[in-house]
Amino acid sequence: MDKKRIPLELLLMFSVFVIATCGLIYELVAGALASYLLGDSVKQFSFIIGVYLFSMGVGSYFAKFIKGNLIDKFVEIEILVGIVGGVSSVVLFILFNTLAHFEAVLYLFVFFTGCLVGVEIPLLMNILKDRIGFKDLVSNVFAFDYIGALLASILFPLVLIPNLGIVKTPLFFGLINVSIAIFLCFYIKKELSKPLSLKIKSIGAFTFLLALFIFSDKILSYSEEKLYGENVVYTKSSPYQRIVLTRNNHEFRLYLNNNLQFSSTDEYRYHEALVHPAMSMAKNIENILILGGGDGFAAREVLKYREVKNITLVDLDGEMTDFFQTNETMRTLNHSSLSDPKIKIINKDAYVWVKENRQKFNVIIIDFPDPSNYSLGKLYSLQFYKELERLAGSDTKIVVQTTSPYFAPKSFWCIEKTINQIFPFTSAYHTYVPSFGEWGFSMASFEPVNNRIYRKIPNLKYYDYNFSQLSYFSKDMKVNDVEVNRLDNQILVRYFDEEWRKVQ
C-alpha cells in the first residue's frame, strides 16, 4: 500500500510550483491594485516588484534561523501565505478611502507576503537536502519555480482578472495555498510533530478564505460605495481597467480605474465641445473616425449630422463598448449610438490600429482617457501623431481632448505643442464642465482654423458655435516652458502626475 503513495519529495517539488504561481499572482494583484487606485502603472509595478523581490531576499536570509520540525514550519508558513496574500485585495480596497497612509499599508502587505514566500523555498531545500542530491535539488527547485511564475504571468491577464476580478483572484490562490497545507497535514501526518494543531489551523484558514471568497462581491460593493460615496450599480474588471458605474438621486457617474469619466448631468457640455466645433468647420463630414469614446457619447453627437455616412470607432476595451451597447440605461443616454448601422466598432489598441490603417477620414475625434500612465501617454506622443498624419487629408479636422488647462496647464500645453509639431495649424480651446472643472481640447488641421462654419445643428444644449469665445485663455491657464511628448521620454505622464497630485 505504501508503495502507491506519492513520495514526499514529489509533493514538496509540486509545492514549489504552487508557491511560485501563487507568489507571483499576489505580486501582480498588488501591482494592478496600486495602478487602479493610485495611477501611474509603470511606477507602481516598478515599486511593487522591487519591494517584493527585496522582501523575498529578506525572507530567504531569515529562513536559516528556523529550527525544529521543518515540515511543520513549512505547513504553517503555507497557511500564513494563503491568508496574507488571499485577503490583501479585500483589506486594501476597504482601507483605501479611510486610511491616510494607504501606500504604507500596501507595501507592508507586499513586504510581508514576499518575506513569507522567500522563506518557503530555502526551507523546502533544507527539508529535501537529505532526500535529493544537491545538483538535482537546485535544478529541480528552480525549474518548478520558473514554470510556476510563467503560468501565473499568462493566467493573470488572460483568465484571472477578466473572470475572477481583482478581489477574488488572490482569495482563490490563497485557498490553493491553504489546500496544499491541508493535503500535507493528512497525507504526511507521520512526518509532522503537531498534526492535529496544523489540521485545525489549515482547515480554519480555508473556511475563513472560502467565506471571504463567497461574499467577496458584497464586500467589494461595500468598499466601492464607501470609495465613491454613491450606489454602485455596475462593476467589471476587464483586462485593461476597472469599470465602475455609480448612481445617486440625479445622475450616473462612470469611473475607470477610480478616475471619473463622465457624469450624466453635464457630459453633454464636454461632448458637444469635443465634437461640434470640428464637425461644423470641416468641409466634408461623410467619413468620421473616433478614437476612444467607447461610451458612445461622441458618436451620439456625430450622428446628429445627416451628411455622415460612416463612423469608425476604435476603443481598446470590448467590455466597455459592449456595456454601452447593450445596457438599457446607457443606451438611453447615448441614444443607442453604438448600435447605429453607420457605425463600425473595432476593439483594438488605437496606436496599433492607426499604424496599420491607410484610410483617410474627414474628421478625426480623439477621446482618450487622460495620460495618467505610460500606456495612455503613448497615445499623446509625437510618434502617434506622425502615424495619425497619414489618415488626414488636406482639409481634415482633428480634435483631441487635452485634459484641464486650469488644473494641469503644463500637461495641456504639452499636448498642444506636440500636436503642433505634426499639424501646422492648431487651435486650443476649453469649456467648463461642472463635474470636472475647466476642460481643454485642441483642434488641428493642415489648413488654418479660420472659424468658418459650414453647418449647424439646431437645439444643442450647450454649444452655440461661438468658437472664438472658447479659445480665450486667462493668465492662470497659460504655460510656455513645456517639452514635446516623445515616446522615449513620456514627459507628459510626469507633468500629469505632478499636477494632479497637487489637486488631490
Side-chain angles (χ1 to χ4, degrees), residues 1-26 56 59-87 112-149 151-152 170-213:
M1 188 74 178
D2 288 342
K3 293 181 180 179
K4 295 182 180 180
R5 288 175 63 84
I6 302 171
L8 176 61
E9 296 82 16
L10 187 59
L11 283 175
L12 295 179
M13 281 297 177
F14 178 72
S15 297
V16 173
F17 172 77
V18 173
I19 291 165
T21 305
C22 295
L24 188 59
I25 290 294
Y26 300 141
M56 284 184 67
S60 297
Y61 175 79
F62 282 103
K64 66 183 180 180
F65 298 108
I66 296 177
K67 306 297 182 182
N69 187 316
L70 296 184
I71 299 180
D72 279 33
K73 302 299 182 184
F74 172 75
V75 172
E76 289 177 339
I77 291 170
E78 193 75 358
I79 295 168
L80 269 176
V81 171
I83 293 174
V84 175
V87 305
F112 194 37
T113 306
C115 282
L116 291 172
V117 172
V119 166
E120 286 184 299
I121 298 298
L123 193 61
L124 275 174
M125 294 181 74
N126 277 327
I127 294 170
L128 293 169
K129 67 182 180 181
D130 297 325
R131 303 168 186 261
I132 302 175
F134 179 76
K135 183 179 178 181
D136 290 336
L137 174 62
V138 173
S139 60
N140 288 344
V141 165
F142 282 105
F144 278 97
D145 187 35
Y146 294 145
I147 292 170
L151 180 65
L171 286 169
F172 177 75
F173 279 85
L175 287 167
I176 292 177
N177 270 131
V178 176
S179 295
I180 292 292
I182 293 173
F183 181 77
L184 291 174
C185 285
F186 284 89
Y187 199 77
I188 58 168
K189 59 184 179 181
K190 292 181 180 179
E191 301 274 351
L192 303 173
S193 62
K194 300 181 293 184
L196 181 60
S197 173
L198 290 174
K199 286 177 184 178
I200 293 171
K201 290 177 183 178
S202 58
I203 293 173
F206 186 90
T207 304
F208 172 67
L209 290 173
L210 183 62
L212 285 179
F213 185 87

Heavy-atom count around F17 CZ within 6.0 Å, excluding the residue itself: above 12?
yes
Of all residues at least two apart in sequence or in a different chain, which pass the ring-ring contact (aromatic ring centres under 6.0 Å, His included) check with F208?
none
To the nearest 0.5 angstrom, please state how far the CD1 atom of I79 sits from the CG atom of L116.
12.0 Å
L24 vs F173, test: side-chain contact (heavy atoms from CB on, under 4.5 Å). Steps then yes/no.
CA-CA 10 Å; L24 188 59; F173 279 85; over 6 Å; no
Looking only at atom types and distance, does a side-chain atom of T21 sit under 3.5 Å from a main-chain N or O of A152, one as donor and one as acceptor?
no
Over all heavy atoms of both residues, which pair between V75 and C185 is shortest? Give the atoms and the distance, please.
CG1-SG, 3.8 Å
Can you tell me how far apart CD1 (I121) and CG (D145) are? Round to the nearest 0.5 Å.
5.0 Å
Tell me whether Y26 contacts the main-chain N or O of G174 through its side chain, where contact means a donor paired with an acceptor under 3.5 Å.
yes
Nearest heavy-atom contact between N69 and E191 is ND2-O, 3.1 Å
Angle between ring planes, F183 versus Y187, binned at 30° and 60°: parallel, tilted or perpendicular?
parallel
Can you tell me how far the CD1 atom of I203 sits from the CG atom of L198, to the nearest 0.5 Å?
11.0 Å
Within the side chain of N126, is there an N or O that forms a donor-acceptor pair under 3.5 Å with the backbone of K64?
no
Can you give me the closest heavy-atom contact between D72 and K194, atom names plus distance?
OD2-N, 3.1 Å
Do L209 and F213 touch side chain to side chain, with heavy atoms closer than 4.5 Å?
no
Would you please test N140 and L128 for side-chain contact (heavy atoms from CB on, under 4.5 Å) and show each step?
CA-CA 11 Å; N140 288 344; L128 293 169; over 6 Å; no
Show the nearest heavy-atom pair for residues E78 and V18, with the distance to one decimal.
OE2-CG1, 4.4 Å
CD/E76 to OG/S197 distance, rounded to the nearest 0.5 angstrom?
7.0 Å
Candidate pair I182 and K199, rule side-chain contact (heavy atoms from CB on, under 4.5 Å), full reasoning:
CA-CA 6 Å; I182 293 173; K199 286 177 184 178; over 6 Å; no
Would a 4.5 Å heavy-atom cut-off, applied to side chains only, mark V81 and C22 as touching?
no
Looking at N177, I19, V84, I77, which one forms a side chain to side chain contact (heavy atoms under 4.5 Å, CB included) with V117?
I19
Correct closest heavy-atom pair for P122 and S60 would be CG-CA, 3.9 Å
Which heavy atom in F74 sits nearest to a heavy atom in E120, and how many Å separate them?
CE1-OE2, 4.0 Å
Candidate pair I71 and L184, rule side-chain contact (heavy atoms from CB on, under 4.5 Å), full reasoning
CA-CA 9 Å; I71 299 180; L184 291 174; 5.8 Å; no
